[in-house]
Undergrad: 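Questions regarding the structure given below will be posed in turn.
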Amino acid sequence: MRAEQLLEDLTKPQREAVTHGDGPLLVLAGAGSGKTRVIARRAAYLAVTAVPARQVLAITFTNKAADEMRQRIVALGVGGGMTIATFHSFCARLLRQYAERVGVTANYSIFDQSDRVRAIKKAIGQCELASEDWKPSQVEGRISHAKNHMQSPEDLAGESVDFADKTVGRIYAEYEQILAANNALDFDDLLVRMAVLLEQDKELRAQLEDRFRYVLIDEYQDTNRAQYLIARRLTEQRRNICATGDPDQSIYGWRGADLSNILEFEADYPDAKVVRLERNYRSTQRILSAAGELIQSNILRKDKTLWTDNPQGSPVQVMTCDDEQDEARQITERIARLRRQGRPLREVAIFYRVNAMTRVLEDALRAGGLPYQMARGVEFYNRKEIKDVLAYLRVMVNPADEIALVRIINTPARGIGKTTVERLGSYARQHDLPLMDVVRQTETLKQLGPASGRVATFGQLLDRLGKLVELKSVRDIVEKALDLTGLERAVLEREGRDSEQARNLAELVSGASEYDVEHLDGSGSLVDWLAMVSLVNDIDKLDENLGAVSLMTLHAAKGLEFDVVFIAGLEEGLLPHVRSRDSQAEMEEERRLCFVGMTRARKSLTLSHALYRSFRGSVLRTVRSPFLDELPSGQVDWVDYSEQGGSRRSARTRLPRWPIGQLMYHPEYGLGRLIRLDRVGGRPLVRVQFNLYGEKSFTADESELKPVELDGDTDP
DNA sequence: ACGCCAGAAGTTTTT
DNA sequence: CTTCTGGCGT
């Protein structure tokens with residue numbers, strides 16, 4: 001495509017961003033302002049006017065974003081040879097190439113979160129700490145946090161006076177040793193090591209700068225310290241960095257994203273050209289002004305006003321419901337009505353703050369006969385059947401990977417239990433041998449007792465698997481491994497041919513097959529594919545062609561758009577979440593999260609809150625979210641479906657006439673005495689002191705609570 | 001070595 | 001309320 005054609009249908013600011021030549025460029029792109037389109041055009045434009053496509057590097061955060069960008073650029077007819085990757089996959093690839101400079105070999109393993117927890121558990125044990133006091137998953141979080149901020153174990157142990165931090169520092173140091181022994185890097189390392197490598201290795205930096213003349217970084221507001229440093233160091237000489245993002249959509253602060261990276265871009269690069277894309281092409285005026293008004297309450301932000309020429313649209317609605325069931329029901333009814341009016345369900349989404357809220361929504365949708373699909377974040381990465389296969393392949397590629405080895409040694413079950421694994425482990429430690437070697441020499445280890453034969457068989461399996469590595473086709477390797485290991489058989493026997501697990505395995509094979517086809521020139525390898533699948537998983541993506549309502553967390557909603565959007569649970573403690581209560585910065589992040597959700601909507605937006613919500617078993621009175629009060633009253637319709645609101649007053653509001661002190665029976669909690677009976681917000685609330693379980697609250701009409709007649713039948 | 005039951009714990013998740 | 005873990009029993 002010619003350069004002029006790339007500019008034809010662009011607005012003036014969009015065109016400025018696309019045609020900007022050399023030097024730093026910041027594109028502040030508001031929600032729905034056509035950002036992806038602009039970056040794709042810019043990448044294409046550079047490839048047409050400035051340099052060969054292969055000298056352009058575009059970095060995104062998610063695979064989905066990378067895929068979308070690749071598609072768009074290819075559609076423009078200039079994508080050949082351009083590097084479009086996520087931060088993680090880009091770094092993983094380079095680290096493989098320069099492995100020896102970071103102390104691993106090219107076949108290194110990539111540890112995901114669960115591998116990390118296992119390794120940290122081991123580290124805690126080696127530090128002779130009790131895992132009751134130091135919970136692996138919590139320590140994992142702290143170590144990840146430290147890595148995200150480029151802190152070494154020494155930094156953590158040295159800088160802090162806090163005993164807990166010092167201990168975490170010790171575990172961290174031990175964990176790093178385990179990683180090294182396993183020839184492994186974790187997700188965070190991919191970024192951290194790359195940042196360090198770029199700092200230390202001037203020659204490599206120059207080499208890469210020569211290779212990538214223009215660097216485009218998407219979602220810059222979500223970069224953490226390491227990503228920021230990588231971006232800077234990759235563009236040190238030529239300074240052809242193009243950062244795009246929106247400070248108002250930064251929602252990953254708790255994962256180490258540093259909002260100041262984008263806010264201070266102009267301080268970092270005083271000569272930066274700044275382009276603001278403030279025209280929204282997505283939403284109605286009312287949706288946009290409601291969202292805009294909300295975000296104005298944030299103090300730490302770059303002022304920006306989104307505007308649109310779209311129709312005014314119908315008002316944003318706020319629904320007040322009785323409880324979460326009622327809320328789910330109201331949403332379902334509305335969606336059912338939309339469907340009758342001919343709105344395709346794929347254009348409808350429900351967002352919520354926490355995954356725990358899905359259950360009631362699912363129940364209501366099912367009851368209403370509405371098909372739905374859920375986007376579940378990390379769930380996919382933890383699919384057992386996939387991880388099992390990958391663990392075998394990891395061991396084949398990297399025999400030092402003991403985390404993977406321990407995972408597969410008894411998967412599928414082959415009679416090698418905990419005790420045997422422990423014995424193998426302590427033997428390895430005593431003789432300072434890799435676990436792999438101990439497993440393979442087991443004929444000499446008669447002391448294993450009855451398990452020795454089974455370990456020997458496992459060793460032979462590993463031998464046979466090892467030969468597969470020579471095969472050219474990744475598909476063949478995966479298929480043969482599935483067969484030899486018995487994993488496929490186990491899944492088919494246990495779950496059946498049509499089970500989700502079986503389908504996932506088939507999906508993995510077809511993924512390998514696709515990879516083969518894409519690498520017919522011989523450039524592919526098992527190592528490479530393995531790295532790719534541990535970083536890229538698009539099996540779980542939402543299917544747009546499916547006629548179903550989409551359910552997802554507000555975090556997962558970023559980057560998507562729907563005609564009709566519902567956001568449930570606008571309540572104090574939920575949105576904003578309790579965790580953010582004490583910090584202004586976190587509170588602002590919650591507001592941005594709400595803003596992100598609202599700006600996903602094209603035509604219709606409904607926010608809801610419930611007056612009561614069950615939480616861990618008991619019903620609690622809620623307080624509506626302060627965000628609701630920050631919306632412009634003129635643009636918003638408040639609809640009160642609650643009994644308190646008077647629109648549906650019923651017998652349910654009647655207060656039972658039991659005396660205080662009445663003996664009560666509950667099938668779950670047993671006997672107790674009524675200690676309070678009152679009306680909270682128009683709804684009868686019963687409080688009972690149970691003999692064994694303490695105080696609990698119930699709504700009189702819905703609970704299974706019954707008064708006990710002293711001379712009557714006490715059985716429920 | 002495996003399965004079951006009791007007890008404890010429990011926010012958000014791009015990779 | 002749920003989900004997961006770890007301990008105990010077979």
Side-chain angles (χ1 to χ4, degrees), chain A residues 59-66 85-92 110-117 121 131-132 135-138 140-141 144 147-148 185-191 218-219 221-224 226-227 249-257 324 351-360 375-382 410 413-421 450-451 454 531-538 540-541 552-560 569 573-581 586 589-590 592-594 596-597 613-620 668-669 696:
Chain A
I59 304 183
T60 62
F61 273 77
T62 66
N63 295 301
K64 202 169 157 251
T86 64
F87 261 108
H88 286 85
S89 64
F90 175 70
C91 292
I110 298 171
F111 277 13
D112 71 7
Q113 193 168 345
S114 65
D115 296 321
R116 238 151 65 157
V117 171
K121 209 169 177 175
S131 56
E132 301 93 71
K135 302 205 63 184
S137 62
Q138 278 175 17
E140 191 269 338
S144 179
K147 286 194 177 185
N148 280 326
L185 298 176
D186 64 27
F187 278 152
D188 296 328
D189 284 334
L190 296 178
L191 307 175
D218 196 15
E219 307 279 17
Q221 77 281 358
D222 284 331
T223 49
N224 64 22
Q227 287 159 329
Q249 293 185 65
S250 164
I251 54 174
Y252 285 102
W254 51 274
R255 281 216 74 185
E324 71 269 27
F351 305 151
Y352 37 82
R353 179 64 234 262
V354 296
N355 273 314
M357 290 173 66
T358 55
R359 185 169 225 98
V360 245
R376 305 214 72 167
V378 289
E379 300 277 292
F380 178 80
Y381 306 101
N382 298 323
N410 198 33
R414 54 171 68 87
I416 304 176
K418 217 172 163 182
T419 342
T420 311
V421 174
R454 288 174 287 215
M532 196 187 85
V533 290
S534 32
L535 297 170
V536 178
N537 267 309
D538 52 350
D540 223 14
K541 71 184 167 209
M552 67 191 79
T553 62
L554 285 161
H555 283 93
K558 193 165 82 163
L560 304 177
L574 210 48
L575 184 64
H577 198 274
V578 257
R579 260 289 287 255
S580 57
R581 188 166 31 186
E586 285 176 76
E589 182 155 311
E590 295 290 310
R592 290 194 294 269
L593 195 52
C594 190
V596 166
R613 192 174 290 274
S614 344
F615 186 69
R616 291 190 203 167
S618 51
V619 178
L620 298 175
E668 184 77 31
Y669 302 112
K696 302 272 175 197

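Values below: every heavy atom of this structure, side chains too, minus hydrogens, waters and symmetry copies. Here is the naming used below: chain letters follow the sequence lines, and residue numbers restart at 1 for every chain. Just so you know, these numbers come straight off a predicted model, no measurement behind them.
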Undergrad: Considering heavy-atom distances to DNA chain B, does A:D188 or A:V354 have its closest nucleotide positioned more toward the 5' end?
TA: A:V354

Undergrad: Quick one: A:R592 CZ to B:dT13 P, roughly how many Å, whole number?
TA: 17 Å

Undergrad: Which of the following nucleotides, C:dG6, B:dT15, C:dT3, is nearest to the side chain of A:F187?
TA: B:dT15

Undergrad: Please check the phosphate of B:dT15 (OP1 and OP2 only) for any side-chain N or O of A:R116 closer than 4.0 Å.
TA: no

Undergrad: Strictly under 3.5 Å: I want the nitrogen or oxygen pairs between protein and nucleotides 7-10 of chain B, one per line.
TA:
residue	atom	partner	partner atom	Å
B:dG10	N7	A:R616	NH1	3.3

Undergrad: Once you apply a heavy-atom cut-off of 4.0 Å, does A:T419 come out as touching a base, just sugar-phosphate, or nothing?
TA: sugar-phosphate

Undergrad: Please give me the minimum heavy-atom distance between A:F187 and A:S534, naming the atom from each residue.
TA: CZ-O, 3.7 Å

Undergrad: When you measure from the side-chain N and O atoms of A:N355 to the phosphate of B:dT13, is any distance below 4.0 Å, counting only OP1 and OP2?
TA: yes

Undergrad: B:dT14 P sits how many Å from A:L535 CG, rounded?
TA: 14 Å

Undergrad: In whole angstrom, give me the gap between the C1' atoms of B:dT14 and C:dT3.
TA: 25 Å

Undergrad: Please give, in whole Å, the distance from B:dT14 P to A:E219 CD?
TA: 13 Å

Undergrad: B:dT14 phosphate, OP1 or OP2: any side-chain N/O from A:N63 under 4.0 angstrom?
TA: no

Undergrad: Sequence neighbours excluded, which residues qualify as side-chain contact (heavy atoms from CB on, under 4.5 Å) partners of A:Q227?
TA: A:F61, A:F87, A:H88, A:L191, A:T223, A:N224

Undergrad: Check side-chain contact (heavy atoms from CB on, under 4.5 Å) between A:T62 and all other residues, then give those that pass, not counting sequence neighbours.
TA: A:K64, A:A65

Undergrad: Check for me: is A:Y252 stacked on B:dT13 by the 5.5 Å centroid and 30° plane-angle rule?
TA: no

Undergrad: Taking atom P of B:dT12 as reference, at what distance in whole Å does atom CG of A:D222 sit?
TA: 18 Å

Undergrad: Is the centre of the A:W254 ring less than 6.0 Å from the centre of the A:H577 ring?
TA: no

Undergrad: Output the rounded distance in Å from NZ (A:K64) to P (B:dT14).
TA: 11 Å

Undergrad: Suppose you measure atom P in C:dC4 against the same atom in B:dT13; what distance do you get, rounded to whole Å?
TA: 15 Å

Undergrad: Counting only side-chain nitrogens and oxygens, does A:T60 get under 4.0 Å of the OP1 or OP2 atom of B:dT15?
TA: no

Undergrad: Could you state the atom-to-atom distance from CZ of A:R353 to P of B:dT12 in whole Å?
TA: 8 Å

Undergrad: Of all residues at least two apart in sequence or in a different chain, which pass the side-chain contact (heavy atoms from CB on, under 4.5 Å) check with A:A92?
TA: A:Y108, A:I110, A:L190, A:L535

Undergrad: Among residues at least two apart in sequence or on other chains, which ones pass side-chain hydrogen bond (donor to acceptor under 3.5 Å, both in side chains) with A:D189?
TA: A:K147

Undergrad: For A:F61 and B:dT15, is the gap between ring centres under 5.5 Å while the planes differ by less than 30°?
TA: no

Undergrad: Could you tell me the separation between the CE atom of A:M552 and the P atom of B:dT12, rounded to a whole number of Å?
TA: 16 Å

Undergrad: Whole angstrom is fine here: how far is it from CZ in A:F615 over to P in C:dT2?
TA: 14 Å

Undergrad: For A:E590 and A:R353: C-alpha separation, side-chain torsions, deciding distance, then whether salt bridge (Lys or Arg N to Asp or Glu O under 4.0 Å) applies.
TA: CA-CA 9 Å; A:E590 295 290 310; A:R353 179 64 234 262; 2.6 Å; yes

Undergrad: Once you apply a heavy-atom cut-off of 4.0 Å, does A:T553 come out as touching a base, just sugar-phosphate, or nothing?
TA: sugar-phosphate

Undergrad: Does A:R116 come within less than 4.0 Å of A:E140, counting only side-chain N to carboxylate O?
TA: yes

Undergrad: Identify the heavy atoms of A:R592 and A:I251 that sit nearest to each other, and give their distance.
TA: C-CG2, 4.1 Å

Undergrad: Could you go step by step and tell me if A:E219 and A:K558 meet the salt bridge (Lys or Arg N to Asp or Glu O under 4.0 Å) rule?
TA: CA-CA 11 Å; A:E219 307 279 17; A:K558 193 165 82 163; 3.6 Å; yes

Undergrad: With the criterion being N/O to N/O and under 3.5 Å, what pairs connect the protein with nucleotides 2-4 of chain B, and how long is each?
TA:
residue	atom	partner	partner atom	Å
B:dC2	OP2	A:N410	ND2	3.3

